[in-house]
Novice: 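Pasting a structure here, questions to come.
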Amino acid sequence: MAHWLLKSEPFKYSWDQLVADGRTHWNGVRNHQAANNLKAMEVGDRCFFYHSNEGLEIVGIAEVVREYYPDPSDSSGRFGMIDVGPILPLLHPVSLKQIKADPTLAGMALVRQSRLSVSPVADEEWRRICELGGLSG
DNA sequence: GCCAACGTTGGC
DNA sequence: GCCAACGTTGGC
């Protein structure tokens, strides 16, 4: 199972909103690299949910519930979207500051490519963030 | 509010 | 096909 990280500005769409909604369309991606990552996702893959701009921390774990399909909000027809649902919040949100300070995590795509909204997460990065987040696994 | 990174657009 | 201009993202 692959792991991913999804970024959202909390004032646009927050973790709490995802919990309230039960599931949502992850639409509006207009970057090919991010879209390629969406394409590679399979139902059941887990994703960290990161709050950008405000918060600057990973707050929860979401799950892919529908694989890549066309995004009707893209008139060009080039981009697609997935659906995700919430799994559980982190007991302790993991901040960007912590991530940058941790040797295991400092090389994450989140850090290296700050503008990429959908990025892969390596297994050891996943385990380390779960640990920092207070989840035993 | 500023600025770096970076993708896109458009003139040539 | 190159590259300057411009727009957007997102951390600080």
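Note on naming: letters A, B, ... go to the chains in the order of the sequence lines (proteins, then strands), and numbering restarts at 1 for each one.
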Novice: Dump the intermediate steps for salt bridge (Lys or Arg N to Asp or Glu O under 4.0 Å) on A/E125 and A/R128, then the final yes or no.
Specialist: CA-CA 5 Å; A/E125 293 166 349; A/R128 179 63 180 146; over 6 Å; no

Novice: Taking the six-membered ring where the residue is Trp, are the ring centres of A/H3 and A/F48 under 6.0 Å apart?
Specialist: no

Novice: Between the protein and nucleotides 1-3 of chain B, which nitrogen or oxygen pairs come in under 3.5 angstrom?
Specialist:
none

Novice: Ignoring hydrogens and geometry, is there a side-chain-to-backbone donor-acceptor pair from A/S8 to A/S14 under 3.5 Å?
Specialist: no

Novice: Which letter, B, S or -, goes with each nucleotide of nucleotides 7-12 of chain C from 5' to 3', with contact meaning a protein heavy atom under 4.0 Å?
Specialist: BBBBSS

Novice: Search all heavy atoms of A/A35 against all heavy atoms of A/Y68 and return the closest pair with its distance.
Specialist: O-CE1, 3.8 Å

Novice: Would you call A/M108 and A/I99 a side-chain contact if the rule is heavy atoms closer than 4.5 Å?
Specialist: yes

Novice: Is A/N37 reaching over with its side chain to a backbone N or O of A/A34, donor-acceptor style, under 3.5 angstrom?
Specialist: no

Novice: Just checking A/Q17: does its CD atom have more than 12 heavy atoms from other residues, nucleotides or ligands closer to it than 6.0 angstrom?
Specialist: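 Yes, because the 6.0 Å sphere around CD of A/Q17 holds more than 12 heavy atoms from other groups.
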
